[in-house]
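This report refers to the structure that appears directly beneath it.
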Amino acid sequence: MRLSRAFLPVLKESPSDAQIVSHKLMLRAGLVRQTAAGIYAWLPLGFRVLKKIEQIVREEQDRAGSLEMLMPTIQSADLWRESGRYDAYGPEMLRIRDRHDREMLFGPTNEEMLTALFRDDVRSYRDLPRTLYHVQWKFRDEVRPRFGVMRGREFLMKDAYSFDLDEAGARQSYYTQLLAYLRTFQRLGIRAVPMKAASGPIGGDLSHEFIVLAPTGESEVFYDASYEEMDWSGSDLQYGDVAGLRALFDRIGQTYAATDETHDEARWSEVPATSQRTGRGIEVGHIFYFGTKYSDAMGLRVSGQDGGMVTPHMGSYGIGVSRLVGAIIEASHDDAGIIWPEAVAPWQVGIVTMRGDDAASQQAAGEMYTKLTAAGVETLYDDRDERGGAKLASMDLMGLPRQIIIGPRGLAAGTVELKDRRTGEKQELSIGSALARLTA
RNA sequence: CGGGGAGUGGCGCAGCCUGGUAGCGCGUCUGCUUUGGGAGCAGAGGGUCGCAGGUUCGAAUCCUGUCUCCCCGACCA
């Protein structure tokens, strides 16, 4: 993308509405614009990041055997009356009426809808287990939206739902999602620690929150240092490996991690002092098993192997996709701006010319842009007629992992500068070796 | 939902108390000079001051109502 043709409105000053760093940076770098309280339009830069996160989440769900589908944003109130949640949900549910005065709602989640879909088409134990998911916009009419996209009213969420014949099967589905989550967050380039949630809807040990560690997080967290050191996503572990998944789950259960809500001083004191870590965190995912709560209420039953009827056990698994954009920025930025992890960066490389009036620089920049793009490297070329310093400042703000800086001085010596956004490290390289480095 | 604050060019703000027909910085546009880490000078464009009533010769300013947004708390993927 050539910046001269892009829609990337960058601001020097933060709008006064923004309080936390990710919100300020998202506005300044032109990722989003607010259109109403807690509702945002995603501008091209922000949308690219959102799509990248969504795609990684999708790939890891698919890899774990979940089946993607798409359910509507608007749901019928009748569906929610079946589960009893229409009255129970309260004012966070956005209720609307259509032209025939039928009661509708903008979905805050999809347990009812998918349970009904499953109920209407699944008859036999042979069709279980299944895990289905979609990535869809949700709406929760928060009393007080804040922190930009981290606590918006409209948000993009991946929600998966598992159906199993019994609790043992549901546990297996749960472990599978647990591993999928570890892998997803690892690929996103952030550290997200699984923490046992306050209590699952039906109690038990099958409910975890995934917390991104960031100094500005909403809740205080306590965890064992091995969450920073070990590779929890077990690259060798297969999804069908029942014992392996169980071992992973047990290991997580034995390794302390809790938010201030669930913090247990007695267990905490058993963690060696040298391994105790405290910090703050942002919840970006939540998985839980809820048994037959919805299948019971909504009459989902299938024929069992013995000819009797079986009520499936369910679980649901959410990841806040839009919230992750803010959470990643909270976890990865500096005074100059955003520092995108490689996997979610809107572009991998940014090209800047220091002297817009230098024909040789423009020539070199244009060629590098063409070659990188042809090689499949996502590149943003700042070809605007701006001073070098201004371009570098906005490049830092936008947070692309690597910058190529081209100027007459370097070109005279046959070199360009390759800068690493995260470390700030700069290297003078020939154009050829810079290209080789970036396309490697 | 309780408490507090704010709506004035794209962004950040002043003006309001003490009514007289709108200003500053940044950004935008033009020209010239510049050019290796958010340039300088000169000029220009852009706002019926959230909206609706009211008071007044006259309202950004005073009064009433209303809408929106933000902050603190309680609540949350």
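Letters A, B, ... mirror the listed sequences (proteins, then strands); counts begin at 1.
Remark on RNA chain B: of its neighbouring residues A:Leu156 and A:Gln19, the 5'-side contact belongs to A:Gln19, judged by nearest-heavy-atom nucleotide.
For the pair A:Arg95 and A:Tyr86, the cation-pi test (distance below 6.0 Å, angle within 45°) is passed.
Using a distance-only test at 3.5 Å, with no hydrogens or angles considered, no donor-acceptor pair links the side chain of A:Thr262 to the main chain of A:Ala258. Formation of a donor-acceptor pair under 3.5 Å by the A:Thr255 side chain with backbone atoms of A:Arg251 is found in this model.
Closest to the A:Glu283 side chain, of the nucleotides B:G36, B:A77, B:G38, is B:A77. Listed nucleotides B:C69, B:G38, B:G37 differ in distance to A:Leu397; the shortest reach to its side chain belongs to B:G38. Closest to the A:Pro15 side chain, of the nucleotides B:C11, B:G37, B:C75, is B:C11. Side-chain atoms of A:Ala36 lie closest to B:C69 of the nucleotides B:C69, B:C76, B:G36. Of the candidate nucleotides B:G12, B:G27, B:C75, B:G27 has the atom lying nearest to any side-chain atom of A:Lys12. The side chain of A:Arg387 lies closest to B:U34 when the candidates are B:A74, B:G38, B:U34. With B:G36, B:C76, B:G38 as the choices, the nucleotide that has an atom nearest any side-chain atom of A:Arg323 turns out to be B:C76. Residue A:Arg146 has its side chain nearest to B:C71 when only B:C11, B:C71, B:C70 are considered.
Counting any heavy atom pair closer than 4.0 Å across all strands shown, A:Ser322 reaches no nucleic acid atom. Within 4.0 Å (heavy atoms only), A:Asp159 reaches no atom of the nucleic acid at all. When heavy atoms are screened at a 4.0 angstrom cut-off, A:Asp358 is found touching no nucleic acid atom at all. Within the nucleic acid shown, A:Gly407 comes within 4.0 Å of at least one base atom, counting heavy atoms only. Within the 4.0 angstrom heavy-atom criterion, base atoms lie near A:Gly410. At the heavy-atom level, A:Glu209 lies nowhere under 4.0 Å from the strands shown. Here A:Gly326 lies out of heavy-atom contact (under 4.0 Å) with every strand.
With a cut-off of 3.5 Å on both pairing distances, B:U35 has no Watson-Crick or G-U wobble partner at all. Under the Watson-Crick or G-U wobble criterion, with both distances below 3.5 Å, B:A59 is left unpaired in every strand shown. In a base pair of the Watson-Crick type (N1 to N3 plus N6-O4 or O6-N4) or a G-U wobble (N1-O2 and O6-N3), with each distance short of 3.5 Å, B:U30 is matched with B:A42. Across all strands shown, B:G73 is found opposite B:C1 as a Watson-Crick or G-U wobble partner, with both distances under 3.5 Å. Across all strands shown, B:C11 pairs with B:G25; the Watson-Crick or G-U wobble distances both stay below 3.5 Å.
Environment of CG in A:Asp385: sparse, with no more than 12 heavy atoms of neighbouring residues, nucleotides or ligands closer than 6.0 Å.
When the side-chain nitrogen and oxygen atoms of A:Ser16 are compared with OP1 and OP2 of B:C13, one or more of them lie within a distance under 4.0 Å.
A donor N or O paired with an acceptor N or O is found under 3.5 Å between the base of B:G25 and the side-chain atoms of A:Glu13. The base of B:C76 has none of its N or O atoms less than 3.5 Å from a complementary donor or acceptor on the side chain of A:Arg140. Counting distance only, with no hydrogens placed and no angle test, the side-chain atoms of A:Arg144 and the base atoms of B:G4 include no donor-acceptor pair under 3.5 Å. Put simply, the side chain of A:Lys426 and the base of B:G37 share a donor and an acceptor less than 3.5 Å apart.
Rounded to whole Å, the separation between the P atoms of B:G43 and B:U61 comes to 33 Å. With P as the reference atom, B:G25 and B:C63 are 31 Å apart, rounded to whole Å.
Side chains of A:Glu209 and A:Thr259 form a contact here, defined as non-hydrogen atoms less than 4.5 Å apart.
Side-chain contact of A:Thr109 with A:Glu111: a donor-acceptor pair under 3.5 Å is present, judged by distance alone.
Ring geometry for A:Tyr174 against A:Phe249 counts as perpendicular: the plane angle is over 60°, on a 0 to 90° scale with 30° as the lower cut.
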